[in-house]
Participant: 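Before we start, here is the structure in question, set down as structure tokens.
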There are 2 protein chains.
Amino acid sequence: MNAVVRRLREQGYRLTPQRMAVLQAVLKGPGHLSAEDIYQQVADAFPMMSLATVYKTLEVLRDLGEVVELSVEGQARYDGNPRPHVHLICEKCRAVMDWSAEVDFPVAEAAIVASGFRPSYYRLEVYGLCPRCQASDDGKAPVPPQVGLKNGEGRVEEAK
Amino acid sequence: MNAVVRRLREQGYRLTPQRMAVLQAVLKGPGHLSAEDIYQQVADAFPMMSLATVYKTLEVLRDLGEVVELSVEGQARYDGNPRPHVHLICEKCRAVMDWSAEVDFPVAEAAIVASGFRPSYYRLEVYGLCPRCQASDDGKAPVPPQVGLKNGEGRVEEAK
DNA sequence: TCTTTGTTGATAATCATTTTCCACAAAGAT
DNA sequence: ATCTTTGTGGAAAATGATTATCAACAAAGA
Ligand SMILES: [Mn+2]
Ligand SMILES: [Mn+2]
Ligand SMILES: [Zn+2]
Ligand SMILES: [Zn+2]
């Protein structure tokens, strides 16, 4: 947190209460929030905060590499942990969870480089159902949102 | 192609010229096209084609599992190859390329299942610079972090 | 305190995607 | 072939997330 603040100043960015608030919401709040989520969180302490400012601040943090922007159902989510890690994404409630086990890069990086492509990072997301949504047998239970899930790539053997 | 047509009828969908055109553009075209791209492609043969119809048709094909929808820079791209494969995505020109090498499920599935999550499929995308964009060295090249993953214990960290 | 600029916030503008509504056409039946 | 039913296409409007504007403001430095 202090380290992020330091880097902000080093890069010439000003330290404003709004930026501190967004930063805190992203780093200390429940992770993987949307811009709107962050706006709501911050609105408590800063009722005058504008949603546009939230977006602008997140853009700054993203360009600095302090937060990672991911996309869930076409909506941006922000991760305060910029280190590469796997995400488990629930197709029903859209919750995003970290899978913090060490994962070997699944593709031979050398082979990709040899092909002429220059990789910089990768993104690995596992889609499925979170425990809570499995329990609720048909949508009767309190499972917040739901929309038709998008199809993806790479089918995995169905767990039985 | 014929197989897809067969499955369309089996599911009770009608076989219309518009659907054939979209299907052909997705299956035989350059791949990973946006809805707008497909619309332009199809517009040659069907000047009366509506963009809304392209979207509707792509939704049908997606729900049937015949095409895969991926998101690049917040924009939907459609892949006529529903088989699991890795994508190489250029951060500069946004080209999407297939990495045809076989890839094992990159995370210990048993461990994920043991954690309570029920996986159904995964998505693996490698970001970087395509050969063509490396050649034209005009733009910015922030050279982000390395590709390797290193994390702690194999545990799911759910966002509260 | 003065100056310089980066930043904010309210609002309008974008832009991809979805929804509406209805004429129309594809199948199936008569 | 004609009738019926019902899915489908087209045009336009609606949506919803994100971005652009721009005048007023405030953070840093002098
Ligand atoms: Mn995360
Ligand atoms: Mn592909
Ligand atoms: Zn869930
Ligand atoms: Zn490129």
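By convention in this document, chain letters (A, B, ...) are assigned in the order of the sequence lines, proteins followed by strands, and residues within each chain are numbered from 1.
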Participant: Write down the distance between CZ (B/R77) and P (C/dT17), rounded to a whole number of angstrom.
Facilitator: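 Nearest whole value for this atom pair: 10 Å.
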Participant: Nearest whole angstrom, please: distance from the P of C/dT5 to the OH of A/Y13.
Facilitator: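 Going from A/Y13 (OH) to C/dT5 (P), I get 17 Å.
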Participant: Which one of B/R7, B/R6, B/R83 satisfies the salt bridge (charged side-chain N to carboxylate O under 4.0 Å, His left out) criterion with B/E66?
Facilitator: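 Output: one option passes, namely B/R7.
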Participant: Would you kindly give the CZ-to-C1' distance between B/R19 and C/dA25, to the nearest whole Å?
Facilitator: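 Value for this atom pair: 12 Å.
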Participant: Going 5' to 3' along DNA chain D, which nucleotides are the first and last within contact of chain A (any atom under 4.0 Å from a heavy atom)?
Facilitator: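 Contact boundaries, 5' end first: D/dA17 to D/dA28.
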Participant: Give the nucleotide from the list C/dG9, C/dA16, C/dT20 with an atom nearest to the side chain of B/K56.
Facilitator: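 Out of C/dG9, C/dA16, C/dT20, the nucleotide with an atom closest to B/K56's side chain is C/dT20.
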Participant: Here's a test of your reading of the structure: between B/A52 and A/R9, which maps to the more 5' nucleotide of DNA chain D?
Facilitator: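 The residue mapped nearer the 5' terminus is B/A52.
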Participant: Could you state the CG-C1' distance from A/L51 to C/dT11, rounded to the nearest angstrom?
Facilitator: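 Whole-Å distance recorded here is 12 Å.
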Participant: B/S34 side chain N/O closer than 4.0 Å to the phosphate oxygens (OP1, OP2) of C/dA16?
Facilitator: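 Checking C/dA16 against B/S34, no side-chain N or O comes under 4.0 Å of OP1 or OP2.
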Participant: For residues A/V126 and B/F117, report the shortest heavy-atom separation together with the two atoms involved.
Facilitator: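 Residues A/V126 and B/F117, closest heavy atoms: O-CZ, 3.9 Å.
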Participant: Could you tell me how far apart B/R94 (CZ) and C/dA16 (C1') are, to the nearest whole angstrom?
Facilitator: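 In whole Å, C/dA16 C1' lies 14 Å from B/R94 CZ.
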Participant: Describe, in one word, how the ring planes of A/Y127 and B/Y121 are oriented to each other, choosing from parallel (under 30°), tilted (30 to 60°) and perpendicular (over 60°).
Facilitator: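 Aromatic pair A/Y127/B/Y121 classed parallel.
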Participant: Kindly point out which of C/dT7, C/dT18, C/dT20 is positioned nearest to the side chain of A/R14?
Facilitator: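 When the side chain of A/R14 is considered, C/dT7 is the closest of C/dT7, C/dT18, C/dT20.
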Participant: Checking side chain to side chain contact (heavy atoms under 4.5 Å, CB included) for the pair A/Y39/A/M49: CA distance, chi angles, key distance, verdict?
Facilitator: CA-CA 8 Å; A/Y39 174 61; A/M49 165 75 76; 4.1 Å; yes
Participant: What is the distance from CD of B/Q18 to P of C/dC24, rounded to the nearest Å?
Facilitator: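 From B/Q18 CD to C/dC24 P: 15 Å.
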Participant: Indicate every side-chain donor-acceptor pair of residues 9-30 of chain B with a distance under 3.5 Å to a residue at least two apart or in another chain.
Facilitator:
unit_1	atom_1	unit_2	atom_2	d
B/T16	OG1	B/R19	N	3.2
B/R19	NH1	B/R14	O	2.9

Participant: In whole angstroms, how far is the P atom of C/dA16 from the CG atom of B/D37?
Facilitator: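 It is 11 Å, rounded to the nearest whole Å.
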Participant: How about CZ on B/R132, more than 12 heavy atoms from neighbouring residues, nucleotides or ligands closer than 6.0 Å, or not?
Facilitator: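 No.
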Participant: What is the minimum heavy-atom distance between A/G80 and A/P82, and which atoms define it?
Facilitator: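 Residues A/G80 and A/P82, closest heavy atoms: O-CD, 3.2 Å.
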Participant: Both distances below 3.5 Å, Watson-Crick or wobble geometry, any strand: find the nucleotide opposite D/dA30.
Facilitator: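 D/dA30 is paired with C/dT1.
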Participant: Can you work out whether A/M48 or B/A35 has the more 5'-proximal nearest nucleotide on DNA chain C?
Facilitator: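 So the residue in question is A/M48.
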Participant: Which is true for A/T53 with a 4.0 Å heavy-atom rule: it touches a base, it touches only sugar-phosphate, or it touches nothing?
Facilitator: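 If one applies the 4.0 Å heavy-atom cut-off, A/T53 turns out to touch a base.
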